[in-house]
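Naming convention: chains lettered A, B, ... in sequence-line order (proteins, then strands); numbering from 1 in each chain.
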There are 2 protein chains.
Amino acid sequence: MEEVERIKKQKELIEQIGREHEREGFQPVTARILGLLMVMDKEEYTFEEIVEEMQISKSSASTALKNLEIRGIVEYITYPGDRKRYFRFVSGEIDGLIDEMENKLKRNLVIINQIIELKKDPNSRNSNFLKTISKGMELFIKNLDNLKIAYKKEQ
Amino acid sequence: MEEVERIKKQKELIEQIGREHEREGFQPVTARILGLLMVMDKEEYTFEEIVEEMQISKSSASTALKNLEIRGIVEYITYPGDRKRYFRFVSGEIDGLIDEMENKLKRNLVIINQIIELKKDPNSRNSNFLKTISKGMELFIKNLDNLKIAYKKEQ
DNA sequence: AATTTGGTTCGATAATTACCGAACTAAAAA
DNA sequence: TTTTTAGTTCGGTAATTATCGAACCAAATT
């Protein structure tokens, strides 16, 4: 693939990642900055470079990056004798991703169990269905730990 | 628990489910209707009852219910000699939930593989990290099928 | 000590989205 | 055949959210 073509496709991917992450509750600019830091060959961008590249205001960049940092998705490093922050995509352990999924599942499980507890008729249609869902989710969550171990072996 | 207290808690849960589902891209009204159909003891609501209960316009109810239906989360049934639609929470197979998760994972996997393919340096920091993520996700997706089988046994 | 660099914070505005009301429709009932 | 019921569709408005610009700050440089 030609260089120009490749870079064009990378930009398209940024947009796609952007849309995907908007659906997870990120704001447009934030989602696209994340895409930038994931797909481009340059993997460390300064604040100014991000502002420049994305054509956004400093304030937007500031809040977006703060959000990404708080969520543990992006981090910055500094180099001695250089006051700039170099932002990059956090490449932590895969465990982190599983934990995230596990937490979300657990949150939902709590809600489902609450619904069940508050039902007047414990054998109503929804009660019964929610009970099987609840059991299923518990089983699932247990298996996530096994998966973590399986990953480690694989590597 | 007293009846009044119980119902109060159910209403709170509707709100909570509402917020949780807004983060999945549902609009507020839609998310709360879903909550209503999940938590209340009355598990079949007519269009009019939903309008009444949620204090919303008929048009909002109409679009919200259509959305929930299209997504396969809510369905309606009719009774002979009664023109009204009775809406209720779909209580399908648990497989559906797993499939949903699987599809989302697969979509993300495609994107990640595209990022990797478009990298100039296949051994850059992000390239390497994304490769391990990609492998991990593949393993995960494979395991989902085993989980489906495990559920069936459990029951 | 004044200026520049590398940002942050906050109020205002632009853009988007959610929701409503009015007009409409198809089927059933009167 | 008219009216009522059970909704749907669509254009406009209200509410929300995203982004911006201006003012600001702390540390480094001149």
Side-chain angles (χ1 to χ4, degrees), chain A residues 14-37 42 44-88, chain B residues 14-37 42 44-88:
Chain A
I14 292 176
E15 183 57 25
Q16 212 180 320
I17 291 169
R19 286 197 302 267
E20 197 77 25
H21 281 85
E22 274 186 72
R23 304 202 314 116
E24 321 274 69
F26 291 86
Q27 33 190 187
V29 163
T30 310
R32 276 149 195 85
I33 290 176
L34 174 57
L36 182 79
L37 297 178
K42 179 177 179 63
E44 287 178 5
Y45 280 81
T46 66
F47 186 88
E48 258 310 294
E49 284 168 341
I50 290 168
V51 165
E52 186 55 34
E53 190 74 27
M54 301 272 97
Q55 302 276 54
I56 54 173
S57 69
K58 289 206 294 171
S59 55
S60 300
S62 180
T63 36
L65 288 166
K66 195 195 286 169
N67 267 324
L68 289 169
E69 246 192 284
I70 287 168
R71 299 222 208 180
I73 298 169
V74 153
E75 64 189 0
Y76 68 85
I77 47 163
T78 54
Y79 294 103
D82 185 350
R83 196 143 64 95
K84 285 174 196 143
R85 295 175 184 179
Y86 290 80
F87 292 90
R88 65 184 190 186
Chain B
I14 292 176
E15 183 58 25
Q16 212 181 321
I17 291 169
R19 286 196 303 265
E20 197 78 24
H21 281 85
E22 273 187 71
R23 305 204 314 117
E24 320 274 68
F26 292 85
Q27 27 188 205
V29 163
T30 311
R32 277 150 193 85
I33 290 176
L34 174 56
L36 181 81
L37 298 178
K42 179 177 178 62
E44 287 178 4
Y45 281 81
T46 66
F47 186 89
E48 258 309 295
E49 285 168 341
I50 290 168
V51 164
E52 187 53 34
E53 190 74 27
M54 300 273 96
Q55 301 277 53
I56 55 174
S57 68
K58 289 206 294 172
S59 55
S60 300
S62 180
T63 36
L65 288 166
K66 194 195 286 167
N67 268 324
L68 289 169
E69 247 193 282
I70 287 168
R71 299 223 209 179
I73 298 169
V74 153
E75 63 189 1
Y76 68 84
I77 47 164
T78 54
Y79 295 102
D82 184 349
R83 196 143 65 95
K84 285 174 195 143
R85 296 177 185 177
Y86 290 80
F87 291 92
R88 65 183 190 189

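Spacing between atom NZ of B:Lys66 and atom C1' of D:dC10 amounts to 11 Å, rounded to whole angstrom units. As rounded to whole Å, 15 Å separates atom P of D:dC24 from atom NZ of A:Lys58. Rounded to a whole Å, the CG atom of B:Leu65 is 15 Å from the P atom of D:dA6. Between the C1' atom of D:dG7 and the CZ atom of B:Phe87 lies a distance of 9 Å, rounded to the nearest Å. Regarding A:Gln27, its CD atom lies at a distance of 17 Å from the P atom of D:dT16, rounded to whole Å. Taking atom CZ of B:Arg83 as the reference point, atom P of D:dA6 lies 6 Å away to the nearest angstrom. Between the C1' atom of D:dT9 and the CZ atom of B:Phe47 lies a distance of 12 Å, rounded to the nearest Å. In this structure, the CD atom of B:Glu22 is 11 Å from the C1' atom of D:dT16, given to the nearest Å.
In terms of heavy-atom proximity, A:Ile77 sits nearest to A:Glu44 at CD1-OE2, 3.3 Å. Contact between B:Arg71 and B:Gly25 at its shortest, heavy atoms only, is NH2-O, 3.8 Å. Nearest heavy-atom pair, A:Gly35 versus A:Ile17, reported as atom, atom and distance to 0.1 Å: CA-CG2, 3.8 Å. Shown here for B:Val29 and B:Ala64, the closest heavy-atom pair between the two residues is CG1-CB, 4.3 Å.
For B:Ser59 and A:Gly25, each mapped to the nucleotide of DNA chain D holding its nearest heavy atom, the one lying further toward the 5' end belongs to B:Ser59. Place A:Gly81 and A:Gln55 on DNA chain D by their nearest nucleotides, and A:Gln55 ends up nearer the 5' end.
Of the residues in residues 29-36 of chain A, those with a non-hydrogen atom less than 4.0 angstrom from any atom of DNA chain D are A:Val29.
Aromatic ring centres of B:Tyr45 and B:Phe87: separated by at least 6.0 Å.
Tested against A:Arg88 for a salt bridge (Lys or Arg N to Asp or Glu O under 4.0 Å), the candidates A:Glu49, A:Glu75, A:Glu69 yield a single pass: A:Glu75.
Taking 4.0 Å as the cut-off between side-chain N and carboxylate O, B:Glu53 and B:Arg32 do not count as a salt-bridged pair.
Counting 5' to 3', DNA chain C first comes under 4.0 angstrom of a heavy atom of chain B and last does so at the ends given by C:dA18 to C:dA28.
Phosphate contact (OP1/OP2 of D:dA6, side-chain N/O of B:Arg85, threshold under 4.0 Å): absent.
Using a 4.5 Å heavy-atom cutoff, the side chains of A:Ile33 and A:Ile56 are in contact. A:Asn67 is listed as a side-chain neighbour of A:Gln27, based on a closest heavy-atom distance under 4.5 Å.
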